[in-house]
Amino acid sequence: MSDLPPVRVQHPHVEVRDDLLAGSPVVRGSRVPVRRLWSWHRRGVTVETLVKRYPSLGPARVLGALSFAYDNQELVDADLARERTLLNAEVEMVPGAMKQTKLPFG
């Protein structure tokens, strides 16, 4: 069961399933987490760039995911925080792990 806040507003292009990415909201029919699109969008990455990065999603599903994020900011922010916690824990667990270069879009 997911430890994230509940979905406040459902969107047709987004699904939340406990058996998929630990309950993170994803673009329906994909494994692309809404948090990733949201994070990049909040840093100024355009919808057009996101569609180029994920051409299989198309503009409607990218915009749908962003709309979901605007309507469910508490959930998406909690999902981003959970991801940061998990990533930090993984780095600490691997002795001598190299950090990846951070890209400007998240």
Side-chain angles (χ1 to χ4, degrees):
M1 190 87 162
S2 175
D3 58 345
L4 297 172
V7 173
R8 300 269 182 228
V9 180
Q10 296 286 338
H11 283 260
H13 293 298
V14 175
E15 64 182 331
V16 177
R17 295 182 4 212
D18 288 337
D19 66 331
L20 183 61
L21 295 181
S24 292
V26 297
V27 178
R28 188 174 302 282
S30 78
R31 293 181 56 86
V32 177
V34 171
R35 69 174 180 260
R36 187 60 36 233
L37 298 173
W38 177 246
S39 177
W40 291 344
H41 175 69
R42 296 292 292 206
R43 287 179 172 82
V45 174
T46 65
V47 170
E48 291 80 12
T49 300
L50 293 173
V51 172
K52 285 179 185 176
R53 171 66 176 94
Y54 295 102
S56 65
L57 298 182
R61 291 199 296 167
V62 168
L63 287 167
L66 295 176
S67 179
F68 174 90
Y70 276 108
D71 286 339
N72 295 281
Q73 286 188 33
E74 180 185 3
L75 167 58
V76 177
D77 288 343
D79 197 23
L80 281 164
R82 181 175 71 170
E83 178 187 49
R84 277 190 299 275
T85 300
L86 290 171
L87 290 174
N88 288 337
E90 285 180 16
V91 169
E92 291 173 8
M93 290 173 44
V94 180
M98 294 173 48
K99 286 191 174 184
Q100 290 184 329
T101 303
K102 288 192 176 188
L103 300 175
F105 47 84

When hydrophobic residues are tied together by side-chain contacts of less than 4.5 Å, even through go-betweens, does Leu21 share a cluster with Val34? no

Report the distance from atom CG of Leu66 to atom NE2 of His41, rounding to the nearest 0.5 Å. 5.0 Å

How long is the span from the CG atom in Asp79 to the CH2 atom in Trp38, to the nearest 0.5 Å? 13.0 Å

Side chain to side chain contact (heavy atoms under 4.5 Å, CB included) assessment of Tyr54 paired with Leu37: CA-CA 10 Å; Tyr54 295 102; Leu37 298 173; 3.8 Å; yes

Does Thr85 reach the main-chain N or O of Ala81 with its side chain, forming a donor-acceptor pair under 3.5 Å? yes

Search all heavy atoms of Arg28 against all heavy atoms of Val14 and return the closest pair with its distance. NH2-O, 3.0 Å

About how many Å separate CZ of Arg35 and CZ of Arg84, when rounded to the nearest 0.5 Å? 10.5 Å

Examine Val47 and Val76 and state if one hydrophobic cluster contains both, with Ile, Leu, Val, Met, Phe, Trp and Tyr joined whenever side-chain heavy atoms are less than 4.5 Å apart. yes

For residues Ser30 and Val32, report the shortest heavy-atom separation together with the two atoms involved. OG-N, 3.1 Å

Do you see a donor-acceptor pair shorter than 3.5 Å between the side chains of Arg43 and Ser39? yes

For a quick check under 3.5 Å, do Ser24 and Arg82 share a side-chain donor-acceptor pair by atom type? yes

Taking only residues two or more places apart in sequence or in another chain, which ones pass ring pair (Phe, Tyr, Trp, His ring centres under 6.0 Å) with His13? none

Can you hop from Leu80 to Phe68 via hydrophobic side chains spaced under 4.5 Å? yes

What distance do Thr49 atom OG1 and Lys52 atom NZ have between them, rounded to the nearest 0.5 Å? 6.0 Å

With sequence neighbours left out, the residues meeting salt bridge (charged side-chain N to carboxylate O under 4.0 Å, His left out) with Arg17 are Glu15, Asp19

Taking all heavy atoms of Arg42 and all of Tyr70, pick out the closest pair and write down the distance. NH1-CE2, 4.3 Å

Find the distance between CG (Asp77) and CG (Leu4) and round it off to the nearest 0.5 Å. 11.0 Å

So among Val7, Leu75, Leu20, Asn72, which one has a side-chain contact (heavy atoms from CB on, under 4.5 Å) with Pro25? Leu75

Could you report the tightest heavy-atom contact between Val27 and Ala65, atom names first, then the distance? CG2-CB, 3.9 Å

